[in-house]
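Worksheet for the structure shown next.
Quick caveat, the model's predicted, so the values are computed rather than measured.
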Amino acid sequence: MKKTLLLVIIYAGLSAYCSCSLPKDKTPLEYTDELVLDNGIVRLCVSPAVGRIVYFGKVGGRDLLWRNSATAIETRKRRRPDAWLNYGGDKIWPAVRYSWGRIYGPGWSLDKAIDGSAWTVVEKTDSRIIIESPVSKQLHIKIRREITLIPGKAAARIKNTLQQISYTPYPVCLWSVTQVKSPRCCLLDIDGKRLQSKEPYVVLSGTKDVNVRLLPDKSALKFMASPGKSKVGTFGGWIAAVYPDCIFRQSSKFYQNGCYPDNASVECFWLCKGDKPTKGWNPDYVELELMGNSVHLQPGEKIRNVVNWEIIDTTQGFRKDFKL
């Protein structure tokens, strides 16, 4: 409750909005197999064909998740038939970035079984969807996701389970990656008991002059758009995207003694169109990322985590001025 109130108070003083809107001639991709959950407050959709959550928002409102256009996907397929396709939405990656080259080969390579193949629907009820991935040829793992809406709340709970099927020499993790429509800013939790260095955050890509500010009590990092691409990370348990009317907050358990090779457990990637847009990237989204603890598993072993989503309304009479 205290964290939710803090986010609402923070929102009252946020500014520097960078609007990166979708090109008018590019309609977001639609999926014919969408499975829907609706608790009367929020609506969530899953597409097994691409193995991810593709919609999340208030009933009668807008979708907070970003999804790529059919035009962009088809153009990418024609130019590079074997390339990774950026569908958008929310997905899981099973290994940290630094190990991709060893696992999948050189270049921008991802696990095609986990991010790119159709997942199996294990269960669909009025309140829950369970989907399961194919087995990864490189990591010899499979992932199951149990997605539930919380009754009476603008919230969802996602239980992720990774199972090691046979031996692999590589460590694995549950890395939640959610592409959302560009917000005013993002907030990253800072756990004061585990800091990276003199600064309580790390710059993972872009220049050192990223557009960030610490809150006065240093409990969170405010991350704003700037031309080009940038990514920052902190040690903490939650991350949030701040919009004019709401805050989309995600949280998961942070292990203070856990293994986080990026030197961060929450990460945010932002690409925004500037004077010289970065070629090959779409400037219309921000990635909210929750890094799971990285471990070596024996065949038959499993790791699990729970990711909580909530939409916090910021239009109901909050007037307190909060200046960063």
Side-chain angles (χ1 to χ4, degrees), residues 1 3-4 7 27-68 70 87-94 113-135 142-163 174-181 238-241 243 245-253 288 290 292 302-316:
M1 182 65 183
K3 289 183 178 179
T4 297
L7 288 174
T27 303
L29 184 64
E30 294 185 4
Y31 303 98
T32 59
D33 68 334
E34 290 186 25
L35 305 177
V36 180
L37 294 178
D38 186 329
N39 66 359
I41 301 174
V42 289
R43 184 171 183 263
L44 183 150
C45 300
V46 172
S47 171
V50 290
R52 69 196 64 208
I53 301 170
V54 296
Y55 186 102
F56 185 66
K58 288 285 194 71
V59 172
R62 71 188 186 284
D63 183 10
L64 295 177
L65 302 187
W66 174 87
R67 63 173 78 183
N68 211 344
Y87 290 102
D90 170 81
K91 54 189 171 287
I92 289 286
W93 286 342
I114 308 301
D115 182 3
S117 296
W119 289 39
T120 300
V121 179
V122 177
E123 180 181 310
K124 168 63 174 76
T125 68
D126 291 341
S127 60
R128 181 170 66 177
I129 297 171
I130 301 177
I131 57 174
E132 188 172 86
S133 76
V135 175
K142 65 179 179 180
I143 296 175
R144 176 174 289 207
R145 307 192 75 189
E146 179 181 331
I147 303 155
T148 308
L149 294 186
I150 308 303
K153 295 184 178 180
R157 181 177 61 247
I158 306 164
K159 295 181 180 179
N160 301 302
T161 302
L162 183 153
Q163 181 180 1
L174 287 165
W175 177 3
S176 172
V177 180
T178 310
Q179 292 173 318
V180 300
K181 293 171 182 174
W238 60 264
I239 187 169
Y243 297 94
D245 59 341
C246 69
I247 297 172
F248 178 21
R249 180 180 183 271
Q250 299 184 350
S251 63
S252 188
K253 185 175 181 179
L288 308 180
L290 293 169
K302 299 178 181 180
I303 53 173
R304 298 179 176 88
N305 74 355
V306 176
V307 177
N308 297 295
W309 290 9
E310 62 178 322
I311 299 176
I312 304 166
D313 189 2
T314 57
T315 62
Q316 302 300 316

Heavy-atom closest pair (Asn39 atom, Gly152 atom, distance to 0.1 Å) is ND2-N, 4.2 Å
What are the two closest non-hydrogen atoms of Ala155 and Val42, and how far apart are they?
N-CG2, 4.1 Å
Side chain to side chain contact (heavy atoms under 4.5 Å, CB included) against Thr32, all qualifying residues, sequence neighbours excluded:
none
So which atom in Ala70 and which in Leu29 form the shortest heavy-atom distance, rounded to 0.1 Å?
CB-CD1, 3.6 Å
Do Arg52 and Leu65 pass the side-chain contact (heavy atoms from CB on, under 4.5 Å) test, and can you show the C-alpha distance, the side-chain angles, and the key distance before you say yes or no?
CA-CA 11 Å; Arg52 69 196 64 208; Leu65 302 187; over 6 Å; no
So which heavy atom on Val59 is nearest to which on Gly40, and how close?
CG2-C, 3.8 Å
Provide the closest heavy-atom pair for Ser133 versus Ala113 in the form atom of the first, atom of the second, distance.
CB-O, 4.3 Å
Separation of Asn305 CG from Leu162 CG (nearest 0.5 Å)
9.5 Å
Would you say Lys124 has more than 12 foreign heavy atoms packed within less than 6.0 Å of its NZ?
yes
4.5 Å side-chain heavy-atom contact, Ser251 and Asn308:
yes
Atom CD1 in Ile147, atom CG in Asn160: separation rounded to 0.5 Å?
8.0 Å
For a side-chain contact (heavy atoms from CB on, under 4.5 Å) check, start with the C-alpha distance between Lys253 and Val306, then their side-chain angles and the critical distance, and finish with the verdict.
CA-CA 7 Å; Lys253 185 175 181 179; Val306 176; over 6 Å; no
Between atom CG of Leu35 and atom SG of Cys45, what is the distance when rounded to the nearest 0.5 Å?
8.5 Å
Minimal heavy-atom distance between Ala156 and Leu44, with the atoms involved, is CB-CD1, 4.1 Å
Just do the side-chain contact (heavy atoms from CB on, under 4.5 Å) check on Lys181 and Asp63 with the steps written out, would you?
CA-CA 9 Å; Lys181 293 171 182 174; Asp63 183 10; 4.0 Å; yes
Any chance you could measure Arg145, atom CZ, to Ile129, atom CD1, to the nearest 0.5 Å?
11.0 Å
Hey, does Trp119 have a side-chain heavy atom less than 4.5 Å from the side chain of Ile114?
yes
So CD1 of Ile92 and CD1 of Ile131: to nearest 0.5 Å the spacing works out to 9.5 Å
Once you round to the nearest 0.5 Å, how far does OG1 of Thr120 lie from CZ of Arg144?
9.5 Å
Output all residues satisfying ring-ring contact (aromatic ring centres under 6.0 Å, His included) with Trp309, sequence neighbours left out; order by chain, then residue number.
Phe56, Phe248
Can you tell me which residue among Ile53, Val36, Asp90 is in a side chain to side chain contact (heavy atoms under 4.5 Å, CB included) with Val46?
Ile53
State whether Lys153 and Glu310 are salt-bridged, where the test is any N-O pair (Lys NZ or Arg NE/NH1/NH2 against Asp/Glu carboxylate O) under 4.0 Å.
no
Side chain to side chain contact (heavy atoms under 4.5 Å, CB included) against Arg128, all qualifying residues, sequence neighbours excluded:
Glu123, Thr125, Ile130, Glu146, Thr148
Is there side-chain contact between Val50 and Arg67, with heavy atoms separated by less than 4.5 Å?
no
Could you verify whether a donor N or O on one side chain and an acceptor N or O on the other, from Gln250 and Ser176, lie under 3.5 Å apart?
no
